[in-house]
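Every chain is numbered from 1, with letters handed out A, B, ... down the list of sequences. Since we're looking at a predicted model, the values are computed, not measured.
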2 protein chains.
Amino acid sequence: MTSVEEPARSGERIRDAARTRAEILDVATQEFARAGYDGARVDEIAARTRTTKRMIYYYFGGKEQLFTAVLERAYGVIREAEQELDVDHLDPVAAIRRLAELTFDHHEQHPDFIRLVSIENIHEAQHIAGSEKLGKIGSPALDVIRRILASGQESGLFTADVDAVDLHAMISSFCFFRVSNRHTFGALFGRDLLDGAQRAHYRAMLGDMVIAYLTAERSAD
Amino acid sequence: MTSVEEPARSGERIRDAARTRAEILDVATQEFARAGYDGARVDEIAARTRTTKRMIYYYFGGKEQLFTAVLERAYGVIREAEQELDVDHLDPVAAIRRLAELTFDHHEQHPDFIRLVSIENIHEAQHIAGSEKLGKIGSPALDVIRRILASGQESGLFTADVDAVDLHAMISSFCFFRVSNRHTFGALFGRDLLDGAQRAHYRAMLGDMVIAYLTAERSAD
DNA sequence: TAGCTAACGTACTGGTTCGTACATTAGTGA
DNA sequence: TCACTAATGTACGAACCAGTACGTTAGCTA
């Protein structure tokens with residue numbers, strides 16, 4: 001019975017704290033994104049991991065802290081993408097367009113992130129509030145926007161009174177909505193906002209919208 | 001002990017099917033919006049009603065159907081608001097601005113509706129899909145947009161290639177995001193998008209954005 | 001006013017789910 | 001190589017929660 005004497009090497013107990021922790025985070029991200037905070041099942045996360053539920057409590061303390069850790073990592077990913085952005089060689093119009101496209105692409109490629117943020121909003125951002133990591137770090141994108149805006153306004157290309165945070169909200173709202181509300185929008189209006197054939201169209205539309213807003217002469221304030 | 005001999009007249013059993021049903025819907029709307037579908041408690045809904053849990057099952061069949069009923073009513077409210085919109089006497093620019101403001105105002109005044117839609121998207125619009133009511137009815141706002149767009153494009157005020165559904169998505173995304181992502185946005189960027197002092201600013205910003213997009217000459221497509 | 005039914009209430013159950021007490025082993029440093 | 005600790009596994013409990021079996025009554029109608 002040699003096959004029994006060697007019961008699947010992968011079944012042996014190998015200790016690797018980092019890997020176990022990372023694997024739990026991966027699966028938890030999927031499960032929370034799939035079902036929401038209350039819909040997610042700790043047992044289900046454990047079952048889809050090479051380890052057991054005990055380890056989730058050992059490493060993270062509980063369901064709540066696990067969700068916070070998942071959020072922290074998800075926000076870390078988008079911050080990294082933003083940090084890699086290099087638009088200093090572009091003129092303000094092209095730079096803003098590039099930034100908008102980065103957000104557009106990232107949101108599209110990370111639907112789980114969008115779902116996690118939606119879920120966190122249902123819970124009134126209580127996990128962000130309770131996280132030291134997430135509280136501190138700002139958004140690299142904001143710094144970039146500030147620089148581009150200043151440059152564009154100085155040269156007279158952009159209208160004067162646009163705020164960086166506002167512009168970030170404008171860009172984010174379009175990119176976020178497209179992913180977050182895909183299902184209800186599709187069900188009600190019969191159009192899939194994530195349809196691949198329309199991707200380039202919506203990507204250009206976002207840029208056109210933002211640039212039009214930035215370059216239009218504003219009516220009396 | 002006279003106070004015991006008359007144990008609150010309101011505690012008597014009065015039958016009013018319509019009122020009971022409506023009361024359950026009211027409380028359920030709050031509870032689902034507060035905690036999400038899985039976070040909501042049928043017992044909690046019942047407790048905050050003058051009736052009992054038994055009645056929820058009597059009238060609605062179950063938690064799932066109750067949520068669907070809640071959604072149906074919430075969508076009904078916004079459709080009614082849209083139907084009351086009368087912009088035929090306005091020029092296209094003013095008409096679009098008026099429509100955008102209606103969406104802006106409605107979303108701001110109905111945060112529960114926004115939360116319900118967010119929750120429904122987490123569940124991939126499965127309740128809308130399973131609802132006869134919600135599947136059929138379109139959006140009066142869309143018809144209005146179509147009419148305004150046609151008029152504006154005919155007169156040459158608006159650029160030609162804008163689609164009504166796209167424009168609706170653009171307006172909705174800004175208005176929706178402002179409410180739905182209020183908490184994470186506030187926690188991360190230190191700005192409350194629903195701050196009353198900024199309300200007029202964001203309301204104008206939305207109109208400016210949409211009009212700028214509609215009146216800008218478009219780059220090659 | 002008798003009888004019928006829609007409307008309502010109580011009490012319970014079966015399954016689920018987060019969390020933990022307790023036992024065990026791999027790997028490391030002395 | 002021995003002992004110690006970080007890492008892991010098993011089994012279980014207590015609370016919770018959607019849903020229901022069963023019994024009751026208000027109000028209408030013939």
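- Residue A:K53 places a side-chain atom within donor-acceptor reach of the base of C:dG19, judged by atom type and a 3.5 Å distance cut-off alone.
- No donor-acceptor distance shorter than 3.5 angstrom exists from the side chain of B:R178 to the backbone of B:L194, with no hydrogens or angles considered.
- Put simply, CZ on B:R41 is 16 Å from P on D:dA15, counting in whole angstrom units.
- Taking the side chain of A:D43 as heavy atoms from C-beta on, and the options C:dC18, D:dG9, C:dG9, the nearest nucleotide is C:dC18.
- Annotation: proximity of residues 17-27 of chain B to DNA chain C (heavy atom, distance under 4.0 Å) is found for B:A17, B:T20, numbered in ascending order.
- The distance between atom CG of A:D38 and atom P of D:dC16, rounded to the nearest whole Å, is 14 Å.
- Panel note: side chain A:H106, backbone A:L102; no donor-acceptor pair is recorded below 3.5 Å.
- Looking at heavy-atom distances under 4.0 Å, B:T52 makes contact with a base.
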Worksheet entry | Check against salt bridge (Lys or Arg N to Asp or Glu O under 4.0 Å), B:R48 and B:D26 | CA-CA 10 Å; B:R48 284 163 53 198; B:D26 283 341; over 6 Å; no
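- Rounding to whole angstrom units, CD1 of residue B:I45 and C1' of D:dG19 are separated by 14 Å.
- In this structure, the nucleotide among C:dC18, C:dA6, D:dT8 sitting nearest to the side chain of B:Y58 is C:dA6.
- Across all strands, A:A40 comes closer than 4.0 Å only to sugar-phosphate atoms, never to a base (heavy-atom distances).
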Practice prompt. Would you sort out whether A:R191 and B:D163 count as a salt bridge (Lys or Arg N to Asp or Glu O under 4.0 Å), showing the intermediate values?
Written response: CA-CA 12 Å; A:R191 177 166 310 180; B:D163 175 75; 2.8 Å; yes
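- Ring centers of B:F67 and B:H123: at least 6.0 Å apart, outside the cut-off.
- A:Y213 has its ring centre no less than 6.0 Å from the ring centre of B:Y213.
- A:H168 and A:A141 get closest at one heavy-atom pair: CE1-CB, 4.3 Å.
- Of the residues in residues 64-73 of chain B, not one places a heavy atom less than 4.0 Å from an atom of DNA chain D.
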Worksheet entry | Residues B:E82, B:R79; criterion salt bridge (Lys or Arg N to Asp or Glu O under 4.0 Å); working and verdict | CA-CA 5 Å; B:E82 288 171 351; B:R79 264 190 236 105; over 6 Å; no
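- Ring pair B:F174/A:F174: centre-to-centre distance not below 6.0 Å.
- We find that NZ of B:K63 is positioned 14 Å from P of D:dT20, with the value rounded to whole Å.
- A:Y59 comes within 4.0 angstrom of sugar-phosphate atoms only, judged by non-hydrogen atoms across all strands, and of no base.
- In this structure, A:E44 atom CD and C:dT16 atom C1' are separated by 13 Å, rounded to whole Å.
- If you take CG of B:D16 and P of D:dC28, they are 11 Å apart, rounded to a whole angstrom.
- Rounded to an integer number of Å, the gap from B:M55 CE to D:dT20 P is 14 Å.
- By the 4.5 Å heavy-atom criterion applied to side chains, A:D88 and A:D86 are counted as neighbours.
- Atom C1' of nucleotide C:dT17 and atom CD1 of A:I56 are separated by 13 Å, given to the nearest angstrom.
- Within the 4.0 angstrom heavy-atom criterion, base atoms lie near B:R54.
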